[in-house]
Structure formats: C-alpha cells, structure tokens
**Student:** 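Handing you this structure, nothing more for now.
Just so you know, ligand 1 is whichever comes first in the structure, and atom 1 is the first atom listed for that ligand. This is a predicted model, so every value here is computed, not measured.
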Amino acid sequence: MTATRPTPEQSPYDILGGDATVRRLVDRFYDLMDKTPEFFVIRKLHPQDLSGSREKLYMFLSGWLGGPPLYVQKHGHPMLRARHLSFPIGTAERDAWLACMRQAMGECGLEEKLKEWLLQSLSGTADWMRNKK
Ligand code: HEM
C-alpha cells in the first residue's frame, strides 16, 4: 500500500491530536505489549515495571512526530541503535514491535493514511535496530 505523507504545513503530531494522543498511543502500545501473547517476544526484553519505557517512548515520539523534542531535551541524542544493542533484536522482535504499534495506532483511531505513512517510516527504524537474525 502507498502511504500519503502529511502536508509540510502540518506535522504528524498536529494531525494526530498532539500531546494527549501521543501519550494515549504509547500507553496503548505498552498495555498491548504487556497482555498479548504474540508480543511476549518483546515484552520479555523490557523491565517488569514499564513506566520508564512508557515515558521514554512518549518523549521520543513527541519529537519524532514533529512536536516538542522532549527526549532530546532530557537525554540528548537518542542513539537508538546503540541503546538497543544490549537487547537481542531480530526479525521476530522487529515484526512484533511493528505489529504492536500498528494495533495501538488502530485502537487510538489514527487516520488510515497517516497510520500507514507513520508505520512505513517506523519500519525503517525498527529494521535498523536488528542486531541478530
Ligand atoms: C525493533 C524492535 C524493538 C525492540 C525489541 C525494542 C526494545 C526496547 C527495549 C527492551 C528498551 C529498553 C526499555 C527500558 O529501558 O525501559 C527500549 C528502549 C527504547 N526504545 Fe525500543 N525497541 C524496538 C524498536 C524501537 C523503535 C522502532 C523505536 C523508535 C521508533 C524505539 C524507541 C525506543 C526508545 C526511545 C527507548 C528508550 C531509550 C533509552 O533512553 O534508554 N524502539 N526498546
């Protein structure tokens, strides 16, 4: 499917509803990861308490979507690949992460074209995170 890019005038952050939606999306993402057997392959890599993970992904996505760069302001350059090197991430983990995000975006009511565009962009990042087969 061909996804449509948001217009240059409006960031994805604005289109999807700003801070409240980013927070809701990340909460849904981790709630799904926590309770869905299919996502256990990535849940098991995370700490028991997901509150720190929620906060970091929320801050990161805020900036990544074109909103306030909260993560960079607090933690500096994300260096995402380096920060993921201590977790074994292969194709299964990548696909589970993206499937979890797809479901969370759907349940948070993101508009279809925006959702596909964001997932297409995220799939490159997720693939870059792989450090094993
Ligand atoms: C490809 C599959 C992925 C897996 C299995 C994975 C797994 C993890 C794990 C286990 C952590 C540590 C959580 C914690 O310290 O509480 C983490 C941190 C993080 N992940 Fe991922 N991740 C993946 C992809 C991504 C992608 C695509 C993004 C961004 C779009 C992302 C963004 C982050 C951020 C911002 C952090 C916090 C880094 C830090 O400050 O320590 N991850 N991830």
**Student:** Under 4.0 Å from a heavy atom of Leu122: give me the atoms of ligand 1 that qualify, with their elements.
**Tutor:**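 Within the 4.0 Å cut-off of Leu122, ligand 1 contributes 30 (C).
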**Student:** Hydrophobic clustering (ILVMFWY, side-chain heavy atoms < 4.5 Å, transitive) - are Leu45 and Trp128 grouped together?
**Tutor:** no
**Student:** Decide whether the shortest distance between a heavy atom of His46 and an atom of ligand 1 is less than 4.0 Å.
**Tutor:** yes
**Student:** Which of the atoms of ligand 1 are close to Leu45, meaning less than 4.0 Å from one of its heavy atoms?
**Tutor:**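 So the atoms of ligand 1 that pass are 5 (C), 10 (C).
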**Student:** Would you compute the distance between atom CZ of Arg102 and atom CG of Leu118 and round it to the nearest 0.5 angstrom?
**Tutor:** 11.0 Å
**Student:** Under a 4.0 Å N-O cut-off, is there an ion pair linking Glu116 with Lys113?
**Tutor:**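 No, this pair does not count.
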**Student:** Quick check: does Tyr71 get an N/O under 3.5 Å from an N/O on ligand 1?
**Tutor:** yes
**Student:** When you look for heavy atoms under 4.0 Å from ligand 1, do you find them on the side chain of Leu80, its backbone, both, or neither?
**Tutor:** side chain
**Student:** Below 4.5 Å, heavy atoms only, C-beta onward: do Phe40 and Met33 meet side chain to side chain?
**Tutor:** no
**Student:** At less than 4.0 angstrom from any non-hydrogen atom of Leu57, what atoms of ligand 1 do you find?
**Tutor:**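 Those of ligand 1 that fall under 4.0 Å from Leu57 are 32 (C).
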**Student:** Identify whether NZ of Lys or CZ of Arg in Arg54 sits under 6.0 Å from the centre of the six-membered ring of Tyr30 and within 45° of that ring's axis.
**Tutor:**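 No.
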**Student:** From atom 26 (C) of ligand 1, work out which of Tyr30, Phe87, Trp97, Trp64 has a heavy atom at the shortest distance.
**Tutor:** Trp97
**Student:** Checking the N or O distance criterion of under 3.5 Å, is ligand 1 in contact with Ser53?
**Tutor:** yes
**Student:** Look at the side chain of Asn131 and the backbone N and O of Gly90, then say whether any donor-acceptor pair between them is shorter than 3.5 Å.
**Tutor:**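 Flag not set: sc Asn131 to bb Gly90 has no pair under 3.5 Å.
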**Student:** Tell me which one of Glu55, Arg83, Lys56, Met33 gets a heavy atom nearest to atom 15 (O) of ligand 1.
**Tutor:**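 Answer by nearest heavy atom: Lys56.
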**Student:** Is ligand 1 under 4.0 Å from a heavy atom in the side chain of Pro47, in the backbone, in both, or in neither?
**Tutor:** side chain
**Student:** Just how far is it from atom CD of Glu55 to atom NZ of Lys74, taken to the nearest 0.5 Å?
**Tutor:**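 One gets 6.5 Å once the value is rounded to the nearest 0.5 Å.
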**Student:** Quick test: of every protein heavy atom, which one is nearest to atom 5 (C) of ligand 1, and how far off is it to 0.1 Å?
**Tutor:**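 Nearest protein contact, heavy atoms only, for atom 5 (C) of ligand 1 is Ile42 CG2, 3.5 Å.
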**Student:** Of the non-hydrogen atoms in Arg94 and Ile89, which two are nearest, and what is the gap between them?
**Tutor:**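 That would be N-CG2, 4.3 Å.
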**Student:** Counting only heavy atoms closer than 4.0 Å, does ligand 1 sit against the backbone of His84, its side chain, both, or neither?
**Tutor:** side chain
